[in-house]
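Reviewing the structure listed below.
Both ligands and their constituent atoms are indexed starting at 1 by order of listing. Hydrogens, waters and symmetry mates play no part in the numbers below; they use all other heavy atoms, side chains included.
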Amino acid sequence: MAKKTMKQAIISGDLSVTIESNIPIPEPAADEVVIRAVYSGINPIDWKGANAELSKALHGDVENPDHGPVGKDFAGYVYAVGSEAYQFHVGDRVMAVNHSTGFAEYSVGKSFSTAVIPKHVSFEEAATFGLPYLTAALLMFKGKPLPTPWNPAPGLTRTPLLVYGASSAVGAFAVKLAKLANIHPIIAIAGASSGSIEKELNSDLGDVLLDYRQDRAKLLQNIKHIADDIHYAADAIGSPETAAFCAQAVNPTDSTVTSSVGDPWDNTVKDRSPLGVEFHLAFSPGVFEPNDPEGPEGKNSPNLGPKAFATIAMAYLSCALQRRLIQPHPYEVQPEGLGSLSRSLTELKEGKSRGLRYVLEIAASSGFAKVGE
Ligand SMILES: NC(=O)c1ccc[n+]([C@@H]2O[C@H](COP(=O)([O-])OP(=O)(O)OC[C@H]3O[C@@H](n4cnc5c(N)ncnc54)[C@H](OP(=O)(O)O)[C@@H]3O)[C@@H](O)[C@H]2O)c1
């Protein structure tokens, strides 16, 4: 029997988008589900990954099909279940993070990076979580041990935390997770889009919002004045400048700066920073690597650590949504489905999308079947 086929979007280096037809619908490996995508989210990595040079810098092995530049997160209905993806059933409403197949009618979700969507959460709301949520969880909880939402700090414990870029999707989810972990005071650094994150902060517990657009020396002084004992900074922007700034803001003797982009590993940042500051990278693609280079047997370690981490973070997301403990990121639905993808990517690249996520309805793409057809 002929295999069922689907349409999928391919992004070129110039960010033009081609729709390919007659692509076989993927079949799930043992630990995967295949999802009939309803909404997909667009991330900065989608334009960065389309650029060959940037993609190589970010992923190393660009020949690995898992690193293809075609969409990282989506929400929809489970269509097929792998033999060992026990927790999912055909027809379940789910959201998933993957590393390659999100801009297609059918996408693959790994069992450890897929989560059930509670009934009261819409697909477009669910599509705002995905990659930035998982990255925020890594940013917060993969480096130095901090209290977690599933093992929060007791009572009025003081754990000052700096979140740089708190109005970005990654930064906003870091603030939301910090709050659920009872981490306070949160010193959130944001700009014009700070409205939605301001609502998450609790001034009674010492949380503050500071504007990054002020004079840098003054900003640093303000942070130190509020808390001179910060040992952890989550840098959601991850530029050399923001990482270096965070390194100046934390305690110089025993602190960690975790960033969402790899530049801080650059020695120029390390060399400018106090010796007692460690740098970490929160790298979601690591969750999908076959091996865990940081594992006990080095490069040959089974990759259980990152996969187990993702399992916990995604299961917690379902639980927190079900109990209305975590809100989606502000979002804007793009009008023509994948027909809006090229423009959306360009706007993201040019920094025109501020404080919200672009999401698109796959079936709104010209010539695509409605879900259920
Ligand atoms: N390592 C990983 O696995 C991973 C995964 C996801 C994302 N990332 C990276 O993490 C970064 C954030 O991604 P995202 O999806 O969260 O982005 P996003 O939601 O598109 O972030 C946009 C917001 O970032 C804020 N911003 C931009 N430049 C800033 C600066 N210099 N200082 C402070 N805030 C700044 C702006 O806030 P205002 O409007 O308030 O000024 C802007 O609205 C990107 O570089 C992305 O590539 C990495």
Side-chain angles (χ1 to χ4, degrees), residues 41-51 54-55 57-60 66-67 69 71-73 97-99 102 113 127-140 142-143 162-177 187-198 209-214 216 219 223 233-246 249 258-265 279-289 306 309-310 313 328-332 344-359:
I42 307 174
N43 287 288
I45 187 72
D46 296 320
W47 69 260
K48 293 181 186 179
N51 174 298
L54 261 181
S55 185
L58 286 166
H59 300 311
D66 277 351
H67 293 162
K72 313 301 177 209
D73 53 26
V97 191
N98 199 332
H99 209 239
S113 61
T128 70
F129 286 92
L131 183 69
Y133 168 81
L134 186 57
T135 307
L138 290 165
L139 196 66
M140 291 291 301
K142 187 74 178 36
L162 180 69
V163 180
Y164 201 101
S167 50
S168 67
V170 172
F173 285 129
V175 168
K176 291 170 189 178
L177 287 168
I187 295 123
I189 312 291
S193 318
S194 60
S196 66
I197 214 60
E198 197 168 7
L209 178 68
L210 298 175
D211 196 317
Y212 69 84
R213 296 167 295 176
Q214 61 184 289
R216 308 301 279 165
L219 177 59
I223 295 170
D235 169 22
I237 303 304
S239 71
E241 202 278 327
T242 57
F245 182 88
C246 288
T258 305
S259 292
S260 63
V261 181
D263 283 329
W265 294 102
F279 291 94
H280 284 276
L281 169 64
F283 191 53
S284 289
V287 161
F288 304 101
E289 295 294 338
F309 181 94
H329 197 59
Y331 63 93
E332 189 178 282
S344 304
L345 291 166
T346 306
E347 288 188 10
L348 233 69
K349 183 177 178 185
E350 291 172 354
K352 289 183 182 157
S353 133
R354 312 289 300 186
L356 47 80
R357 281 204 71 192
Y358 286 168
V359 298

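Within 4.0 Å of ligand 1, counting heavy atoms only, the contacting residues are P44, K48, L131, T135, Y164, G165, S167, S168, A169, V170, G191, A192, S193, Y212, A236, I237, S260, V261, A282, F283, S284, P285, R354, G355.
For residues 127-139, the set of pairs meeting the side chain to side chain donor-acceptor pair (under 3.5 Å) definition, not counting sequence neighbours, comprises T135-S284.
With S113 contributing its side chain and V97 its backbone, the two residues share a donor-acceptor pair below 3.5 Å.
In this view, E241 and R216 satisfy the salt bridge (Lys or Arg N to Asp or Glu O under 4.0 Å) rule, not counting sequence neighbours. Take Y358 and apply the ring-ring contact (aromatic ring centres under 6.0 Å, His included) test, not counting sequence neighbours, and it matches no residue.
Ion pairing between a basic and an acidic side chain is recognised when a charged N comes within 4.0 Å of a carboxylate O; D46 and K349 show no such pairing.
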Intermediate values then yes/no, side chain to side chain contact (heavy atoms under 4.5 Å, CB included), S168 and I237: CA-CA 8 Å; S168 67; I237 303 304; 4.2 Å; yes
